There are 2 protein chains.
Amino acid sequence: MTESPVHHEPPIYRRIADRLRDQILSGSMSDGDRLPGENALMAEYGIARATARQALAVLINEGLAVPRRGSGVYVRLFRPIRRHGSRRLSREQWGQGRAIWDSDTRGRSYTVDEVHIEREPATEQVARLLDTDDVWVRRRRYLVDGRPVQLAASHFPADLVEGTAVTLPDTGPGGVYARLGDLGYSPAHFTEEVRARMPQPKEAELLGLPAGTPVIIISRIAYAAGGVPVELNEMTLDAASYVLQYDFDA
Amino acid sequence: MTESPVHHEPPIYRRIADRLRDQILSGSMSDGDRLPGENALMAEYGIARATARQALAVLINEGLAVPRRGSGVYVRLFRPIRRHGSRRLSREQWGQGRAIWDSDTRGRSYTVDEVHIEREPATEQVARLLDTDDVWVRRRRYLVDGRPVQLAASHFPADLVEGTAVTLPDTGPGGVYARLGDLGYSPAHFTEEVRARMPQPKEAELLGLPAGTPVIIISRIAYAAGGVPVELNEMTLDAASYVLQYDFDA
DNA sequence: ATCATTGATTTCTCTAGAGATGTCCCGCAC
DNA sequence: GTGCGGGACATCTCTAGAGAAATCAATGAT
């Protein structure tokens, strides 16, 4: 930020971190490699344990390294999944569900780990966006190669799906959008907000995120013809696992 | 991740962090408020300074708090700028340049802090995407209310702009896209990749990012008719300052 | 009135040590 | 082979102390 006129040398822990980061980013270390541990750094630089920890904490907080208790600290390079922007979704693809996934996971196995479906009072934000107090929420967790990478929560106005509440959030064949279409609320317009931040502890736990991993949050609202909001889908993605892709014409 | 069967109580520093986080997120503290400092926590909980520091470091690394040396630790809530997806861009808007910004900064002042324009050899990634070794790069830094919030680097194939090199990266009236149009390479198609990660030290420095702030990276490629790539624009955004917005029809 | 200095406060950096906790692997018993 | 015990090892948590560096307000000299 504001640099003082005198150039102070960075503290030891930071210089060590810089050296290690260079090694990681220059490619001389690869994904699962083990970094020098606390003891090794203590010996090599003649520093105390706390200082060695601090150096490693820098890399861990940057998301470039992952500590494994009782084992060591390991390099973590990002191996993102490409996730196409909804621009790509066509009505035909809705019925297939996984179509947009299969081509994007580079052969890695993709599964859903259903969490739960239930009716609940809407939070303030959801109530404002969906224009109702009472919603059905369908929460899911997505796994790639057995590891959780995404949380999703779809909110449906309860009054809109009255009587069909059992079958709507419970997708069934053709997916949720087909169900909405059956009710005469086929989505015609979408808005999508994308943001990134550090995860809440609960999110970090559910996604198994090591320290220093941001999450990407996509909030998509589907509107039926006439501008009626029919679904709010909030997706929380492990930022290390995802690249979003949008494409469009001028 | 894998939870042990016995529920261990979290360590003290983590419980303190949890308490403070609740206070911040519940709204009982607001944006610039001062958190209890190291000394206060030491006295209140009867712990050592290092432990108090550890508790505060949790919040700092989560991006919820910002330390100011010699002053204290302060709450930081995100105040995002809405940034519309390029889907919104129309040819008429290109000519205005700032149109997509003025409506999105909520009245905050938006300025550009030009960094430099120069011809340089392409990095491996840029060479692959733009299909050339030799590019002009135009780097900019964007400020809102005097604070840096975005870095941008536009890459143009050097052979494509041969002879006009002086005027192309140097926008001029009508913006870069108008210049490309004059050369017969009006962009017709775009792809955009969005990812998020923790910033590199250099990025953090240029953007003045406190610890725990991720960056959003948008890589947009503009293609002229015929599929010729004419620009690679890489934008690095302070994730605390931006919300991306896309909207589209089914 | 303006500017420089001082002092109190607070975060930052680092040392030294110790016990707890989780992981890995080898060897032994079954 | 399989499963279990135990030791080696590494990270994790915490204590206690001390000097460095930045901020801010009050004090004092010009």
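Each chain gets a letter, A, B and so on, in the order its sequence line appears, and its residues count up from 1. Given the structure is predicted, the values throughout are model-derived calculations rather than measurements.
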Asker: Give one of base, sugar-phosphate or nothing for B:Ile12, where a contact means two heavy atoms less than 4.0 Å apart.
Answerer: sugar-phosphate
Asker: Rounded to the nearest Å, what distance is computed from the CD atom of residue B:Glu38 to the P atom of nucleotide D:dT15?
Answerer: 14 Å
Asker: What's the closest nucleotide to the B:Thr51 side chain, out of C:dT15, D:dT15, D:dT11?
Answerer: D:dT15
Asker: Please report the distance, rounded to the nearest Å, between CD in A:Gln54 and P in D:dT11.
Answerer: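 Checked: the CD to P distance equals 16 Å.
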Asker: Check whether any side-chain heavy atom of B:Pro210 lies under 4.5 Å from a side-chain heavy atom of B:Arg76, and answer yes or no.
Answerer: yes
Asker: Just call it for B:Arg68: base, sugar-phosphate, or nothing, with non-hydrogen atoms closer than 4.0 Å on any strand.
Answerer: sugar-phosphate
Asker: Among D:dC14, C:dC24, C:dT11, which nucleotide sits nearest the side chain of B:Val73?
Answerer: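 Selected nucleotide: C:dT11.
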Asker: What's the CE-C1' distance between B:Met42 and D:dT15, to the nearest Å?
Answerer: 10 Å
Asker: Mind calculating the distance between CZ (B:Arg53) and P (C:dT11) to the nearest angstrom?
Answerer: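 So the two atoms are 8 Å apart, to the nearest Å.
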Asker: Base, sugar-phosphate alone, or nothing: which one does A:Arg34 contact when heavy atoms must sit under 4.0 Å apart?
Answerer: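 Sugar-phosphate: the residue A:Arg34, judged by heavy atoms under 4.0 Å, touches backbone atoms but no base.
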Asker: Between the main-chain N or O of A:Val135 and the side-chain N or O of A:His155, is there a donor-acceptor pair closer than 3.5 Å?
Answerer: no
Asker: Starting at CD1 of A:Ile16 and ending at C1' of C:dT13, how long is that distance when rounded to a whole Å?
Answerer: 12 Å
Asker: Of all the nucleotides listed (C:dT13, C:dT10, C:dT15), which has the minimum atom distance to the side chain of B:Asn39?
Answerer: C:dT10
Asker: Examine C:dC14: is either OP1 or OP2 under 4.0 Å from a nitrogen or oxygen in the side chain of A:Tyr13? Give yes or no.
Answerer: no
Asker: A:Ala48 side chain: which of D:dA16, C:dT13, C:dA16 is closest?
Answerer: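 Ranking D:dA16, C:dT13, C:dA16 by closest atom to the A:Ala48 side chain puts C:dA16 first.
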